[in-house]
Amino acid sequence: MHSPIKRLSYICRTGLGALALCACLSGTTATAANVLPPDSMTASRGHPPDPALFYGKSRLNALTFKVNAVGAAMLVTNATFELEFSRWSAQLPVYFSGLDYFSHRTKFRIMALQPGIRYWFRPESDTGHTGWFAGAHLGMAWYNFALSGGDRIQDHNGRTPALGGGIEAGWRTTLGKTGRWKLELAIGAGAYKARYDHIDNSGAGTVKSYRNKTFFGIDHVGVTFGYSLDLKKKMKGGSAHD
């Protein structure tokens, strides 16, 4: 049997330990409340955090879909997807055509990608970037060209795309009252390493010669129409009225 004094001592030690534990837990909670942002505290209670918290970190502002009218006029299907940040944007243009021009002897078949980045000299607006820009891009293209002559030109064995890159500059403005529709004018130039075959265009398809060259010149001409989505409003739960 324990004496009353020993029991009292045990109870005091246990009580002091519990008080110390409560003090530690209280201090930890207070520290978390001071350190964590309100959105994180809200999320810890079972509520989703404010998307604006993540927007502030990513600075992703707009997504623009574009079509190049120059490519469309040449019957080349094309689309560009551009992500817009504070002063920068990143885009991926895709071009494709598998058509002959009214004859199997005249064709401009191409599959091309031209990812790039841009720097915008004017601060962004609520509907995305406008004004002057400068940028750089990479390029990759598979091709099969013929202009009714005796030869057609195709990337070597149909599996050797031209590779290279270049620089570009241009200007963009808004169309309409909402500011979401855009008109963009751009031009670019670059250098590409190309390995290609000269092939008989009469129908036999005989390879006549093989070439390995580096080309320098214009690699982008754009008269582009686009539409921008305001990602800030979408991430914050708002709606755009167009």
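Each residue takes its place number in the sequence, starting with 1. Values below: every heavy atom of this structure, side chains too, minus hydrogens, waters and symmetry copies.
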Pair Tyr95-Met74, side-chain contact (heavy atoms from CB on, under 4.5 Å): steps then yes or no: CA-CA 11 Å; Tyr95 294 85; Met74 298 174 64; over 6 Å; no

Steps toward side-chain contact (heavy atoms from CB on, under 4.5 Å) verdict (Tyr196, Asn212): CA-CA 7 Å; Tyr196 59 95; Asn212 188 349; over 6 Å; no

side-chain contact (heavy atoms from CB on, under 4.5 Å) between Val223 and Leu185, worked out: CA-CA 5 Å; Val223 178; Leu185 307 176; 4.0 Å; yes

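Partners of Thr106 under the side chain to side chain donor-acceptor pair (under 3.5 Å) rule, at least two apart in sequence or in another chain, are Ser148. For the side chain to side chain donor-acceptor pair (under 3.5 Å) test, residues two or more places apart in sequence or in another chain that qualify with Ser86 are Arg59. Taking Phe215 as the reference, nothing meets the ring pair (Phe, Tyr, Trp, His ring centres under 6.0 Å) condition, with sequence neighbours excluded. For His220, the side chain to side chain donor-acceptor pair (under 3.5 Å) test picks out no residue, with sequence neighbours left out. For Tyr192, the ring pair (Phe, Tyr, Trp, His ring centres under 6.0 Å) criterion is met by no residue, not counting sequence neighbours. In this structure Trp120 satisfies the ring pair (Phe, Tyr, Trp, His ring centres under 6.0 Å) test together with His129, Phe133, sequence neighbours excluded. Residues meeting the side chain to side chain donor-acceptor pair (under 3.5 Å) test with Arg211, sequence neighbours left out: none.
Residue pairs that meet the salt bridge (Lys or Arg N to Asp or Glu O under 4.0 Å) test with at least one member in residues 75-87, sequence neighbours left out, are Lys66-Glu82, Glu82-Arg118, Glu82-Arg172, Glu84-Arg172. Applying the salt bridge (Lys or Arg N to Asp or Glu O under 4.0 Å) test to pairs two or more places apart or on separate chains, none has a residue in residues 68-80. Pairs passing the salt bridge (Lys or Arg N to Asp or Glu O under 4.0 Å) check and including a residue from residues 131-158, sequence neighbours excluded, read Asp151-Lys208.
For Phe108 and Phe145, the ring centers sit closer than 6.0 Å to each other. Residues Trp88 and Tyr119 bring their aromatic ring centres within 6.0 Å.
Put simply, the side chain of Asn68 gets close to the backbone of Val221: a donor and an acceptor are under 3.5 Å apart.
Hydrophobic cluster membership for Tyr210: none, as no Ile, Leu, Val, Met, Phe, Trp or Tyr side chain comes under 4.5 Å of it. Val94 belongs to a hydrophobic cluster whose other members, connected by ILVMFWY side-chain contacts under 4.5 Å either directly or through intermediates, are Leu92, Phe96, Met111, Leu113, Met140, Trp142, Leu163.
Atom NZ of Lys193 is separated from atom OG1 of Thr160 by 12.5 Å, given to the nearest 0.5 angstrom. Distance OH/Tyr227 to OG1/Thr178: 6.0 Å, rounded to 0.5 Å. Note that CH2 of Trp171 is 9.0 Å distant from OG1 of Thr130, once rounded to the nearest 0.5 Å. How far CG of Asn144 is from CG of Asp197: 10.0 Å, rounded to the nearest 0.5 Å. Of the inter-residue distances, the one linking Ile153 atom CD1 with Asn201 atom CG reads 10.5 Å to the nearest 0.5 angstrom. In this structure, the separation between CZ on Arg180 and CG on Asp230 is 5.0 Å, given to the nearest 0.5 Å.
A continuous path of ILVMFWY side-chain contacts below 4.5 Å connects Phe65 to Phe225, so both sit in one hydrophobic cluster. Transitive grouping of hydrophobic side chains (ILVMFWY, heavy atoms separated by less than 4.5 Å) keeps Leu147 and Ile199 in distinct clusters.
Of all heavy-atom pairs spanning Trp132 and Gly170, the tightest one is CE3-O, 3.2 Å. Phe121 and Ala134 make their closest contact through CE1-N, 3.9 Å (heavy atoms, listed as atom of the first residue, atom of the second, distance). The two residues Gly128 and Ala62 make their nearest non-hydrogen contact at CA-CB, 4.2 Å.
Judged purely by distance below 3.5 Å, without hydrogens or angles, the side chains of Ser228 and Lys182 pair a donor atom with an acceptor atom.
Counting heavy atoms from C-beta outward, Val67 and Thr80 have side chains that stay 4.5 Å or more apart. Proximity of Asp219 to Gln114: side-chain heavy atoms (C-beta onward) are separated by under 4.5 Å at one or more points.
Just one residue in the list Leu175, Thr173, Thr174 forms a side-chain contact (heavy atoms from CB on, under 4.5 Å) with Trp181, and that residue is Leu175.
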